[in-house]
Number of protein chains: 2
Amino acid sequence: MAEYMSYEEYLANVKKGILTDRGNCPVTPLLTMLRGKWKTQVLYEFCVHDRVRFCQLKKDLPGITNTMLSTTLRELESDGLIFREQFNEIPPRVEYGFTEMGRDLLPVFYEIMRWGFKHENEVLAGSVD
Amino acid sequence: MAEYMSYEEYLANVKKGILTDRGNCPVTPLLTMLRGKWKTQVLYEFCVHDRVRFCQLKKDLPGITNTMLSTTLRELESDGLIFREQFNEIPPRVEYGFTEMGRDLLPVFYEIMRWGFKHENEVLAGSVD
DNA sequence: CAGGATCCCAAATGATACTG
DNA sequence: CAGTATCATTTGGGATCCTG
């Protein structure tokens with residue numbers, strides 16, 4: 001049912017306080033999953049490449065350390081947003097990529113992008129400090 | 001131009017790596033604004049009430065301290081998502097509410113809610129720990 | 001190659017007390 | 001009422017070195 005809730009229904013329910021953050025509306029869980037300095041940057045890699053290896057991610061993300069990349073990947077995998085496939089080869093090979101759940105974030109990112117472009121000037125003004 | 005980019009165009013540009021997180025796509029700025037334990041919970045209050053006072057927010061957000069509520073509100077205001085109106089009365093009265101930029105987050109939250117409901121079971125499974 | 005282990009610093013959060 | 005000040009605690013992030 002909830003999947004088919006229209007934007008107008010959503011607005012009405014939010015206004016009524018039915019869809020609160022501590023209730024039925026799962027906004028915080030996703031934001032928690034995306035929390036962390038490298039989360040979205042890593043996720044973007046999976047938008048570009050269907051499968052990426054650890055060392056490729058390191059190359060594409062200047063400044064990230066082994067520790068942070070490893071931690072970030074483990075959290076994203078644990079949250080179900082990406083998969084991890086390990087090949088028993090020497091040298092080792094591990095590939096990462098979006099799960100369906102992870103790929104379904106794209107409409108969310110699209111909406112964030114629209115918001116960002118609409119308020120581009122204000123956002124930039126606020127980030128001066 | 002960017003405001004009119006369709007979802008299909010967006011997907012194509014993301015795939016090409018044109019809209020990266022370190023480039024033209026403002027995903028991180030918003031996520032940074034929403035970062036913090038109480039951010040979305042406070043924002044939800046403004047979805048329900050057009051104008052809310054400090055003490056009302058405290059009542060509606062069990063567990064929040066003066067410090068955290070004050071800090072959260074100052075950050076949201078500094079980012080331009082909410083306004084703050086102070087009345088020179090005794091006892092003091094201060095009201096907070098959405099700016100247009102803040103209210104424009106609702107389509108984003110709607111998209112997150114759709115994602116959340118679609119993957120409800122997986123999200124809950126991951127949050128067991 | 002793909003990481004794990006360890007240690008250190010910075011930022012976020014929280015408890016408590018106080019003020020115009 | 002609407003906060004601020006101070007201090008303690010927890011979490012996040014990073015540097016460096018090591019390993020199957």
Side-chain angles (χ1 to χ4, degrees), chain A residues 21-22 28-43 45-46 49 51-79 81-97 126-127 129, chain B residues 21-22 28-43 45-46 49 51-79 81-97 126-127 129:
Chain A
D21 206 31
R22 296 178 303 286
T28 298
L30 176 57
L31 258 34
T32 302
M33 291 180 186
L34 299 184
R35 205 165 162 174
K37 182 175 177 181
W38 300 98
K39 286 290 174 66
T40 53
Q41 299 183 52
V42 168
L43 288 179
E45 293 299 310
F46 302 122
H49 319 285
R51 288 173 160 265
V52 204
R53 297 178 61 170
F54 192 91
C55 68
Q56 181 66 40
L57 289 167
K58 271 203 71 172
K59 275 184 241 167
D60 292 347
L61 300 168
I64 199 168
T65 60
N66 282 352
T67 312
M68 286 314 296
L69 179 53
S70 180
T71 304
T72 302
L73 289 170
R74 259 191 288 107
E75 288 174 359
L76 291 174
E77 189 203 0
S78 161
D79 286 333
L81 298 177
I82 64 170
F83 69 81
R84 175 182 189 277
E85 189 173 6
Q86 180 172 352
F87 301 86
N88 288 321
E89 304 173 356
I90 293 180
R93 178 160 63 102
V94 179
E95 292 183 352
Y96 296 90
S127 66
D129 55 2
Chain B
D21 206 32
R22 297 178 303 284
T28 297
L30 177 57
L31 259 35
T32 302
M33 291 180 186
L34 299 183
R35 200 166 165 174
K37 182 175 179 182
W38 301 98
K39 286 289 175 66
T40 53
Q41 299 184 50
V42 168
L43 288 178
E45 292 300 308
F46 302 121
H49 318 284
R51 288 173 160 264
V52 205
R53 296 178 63 170
F54 192 92
C55 66
Q56 181 67 42
L57 290 168
K58 270 204 72 173
K59 276 184 243 168
D60 293 347
L61 301 168
I64 198 168
T65 59
N66 283 353
T67 312
M68 286 313 297
L69 179 53
S70 180
T71 304
T72 302
L73 288 170
R74 259 191 288 107
E75 288 175 358
L76 291 174
E77 189 203 358
S78 161
D79 286 334
L81 297 177
I82 64 170
F83 68 82
R84 176 184 188 276
E85 188 173 5
Q86 181 172 352
F87 300 86
N88 288 321
E89 303 171 359
I90 293 179
R93 179 160 62 101
V94 179
E95 292 182 352
Y96 297 89
S127 66
D129 53 3

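Basis for what follows: all heavy atoms, side chains included, without hydrogens, waters or symmetry-related copies. In what follows, every chain begins at residue 1, and chains take the letters A, B, ... in the order their sequences are listed.
Once rounded to the nearest 0.5 Å, the distance linking CG of B:N66 with SG of B:C55 reads 11.0 Å. Atom CG of A:L61 sits about 11.5 Å away from atom CE of A:M68, to the nearest 0.5 Å. Rounded to the nearest 0.5 angstrom, B:F46 CZ and B:L76 CG are separated by 7.0 Å. For the atom pair OH of A:Y96 and CD of A:Q56, the computed distance is 14.0 Å after rounding to the nearest 0.5 Å.
Shortest non-hydrogen contact noted between A:E85 and A:F83 is N-CD1, 4.1 Å. Across every non-hydrogen atom of A:E89 and A:R93, the tightest pair is OE2-NH2, 2.9 Å. The minimum heavy-atom distance linking B:K58 with B:I64 is given by the pair CE-O, 4.2 Å. Among all heavy-atom pairs drawn from B:V52 and B:E45, the shortest one is CG2-O, 4.1 Å. Across A:K37 and A:Q41, no two heavy atoms sit closer than the pair O-NE2, 3.4 Å. B:D79 approaches B:M33 most closely through the heavy-atom pair OD2-CG, 3.4 Å.
In the set C:dC1, D:dG3, C:dA2, C:dA2 carries the atom at the smallest distance from any side-chain atom of A:C55. Picking from C:dG3, C:dC1, C:dG20 the nucleotide with the shortest atom distance to the side chain of A:P92 gives C:dC1. Distance from the side chain of B:N66 is smallest for D:dT4 among the nucleotides D:dA2, D:dT4, C:dA2.
For C:dA2, the OP1/OP2 oxygens have a side-chain nitrogen or oxygen of A:R53 closer than 4.0 Å. Residue B:Y96 has no polar side-chain atom (N or O) positioned under 4.0 Å from OP1 or OP2 of D:dC1.
The one candidate from B:T71, B:L73, B:T72 that meets the side-chain contact (heavy atoms from CB on, under 4.5 Å) condition with B:E75 is B:T71.
One interatomic measurement links the two molecules: CD1 of B:I90 to P of D:dG3, which rounds to 15 Å at whole-angstrom precision. Atom CD1 in B:I64 sits roughly 17 Å away from atom P in C:dT16 (whole-Å rounding). In this structure, CD of B:Q86 is placed 10 Å from P of D:dT4, rounded to the nearest angstrom. For the pair B:N88 CG and D:dA2 C1', the interatomic distance rounds to 13 Å; values are reported in whole Å. What separates NZ of B:K39 from P of C:dA11 is a distance of 15 Å, to the nearest Å. Rounding to whole angstrom units, CG of residue A:L69 and C1' of C:dA2 are separated by 9 Å. At whole-Å resolution of the value, CZ in B:R84 and P in D:dA2 are 10 Å apart. Going from atom CZ of B:R74 over to atom C1' of D:dA2 covers 12 Å, rounded to whole Å.
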Between the protein and nucleotides 12-15 of chain C, which nitrogen or oxygen pairs come in under 3.5 angstrom?
| residue | atom | partner | partner atom | Å |
| --- | --- | --- | --- | --- |
| C:dT13 | OP1 | A:R35 | NH2 | 2.7 |
| C:dT13 | OP1 | B:K37 | N | 2.9 |
| C:dG14 | OP1 | B:K37 | NZ | 2.1 |
| C:dG14 | OP2 | B:W38 | NE1 | 3.0 |
| C:dA15 | N6 | B:T67 | OG1 | 3.2 |

Are any protein N/O atoms closer than 3.5 Å to N/O atoms in nucleotides 7-9 of chain C? If there are, list each pair with its distance.
none

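A heavy-atom distance below 4.5 Å is not found between the side chains of A:F54 and A:V94.
The end-to-end axis angle of the helix from C:dC1-D:dG20 to C:dG20-D:dC1, rounded to 10 degrees and based on five pairs per end, is 50°.
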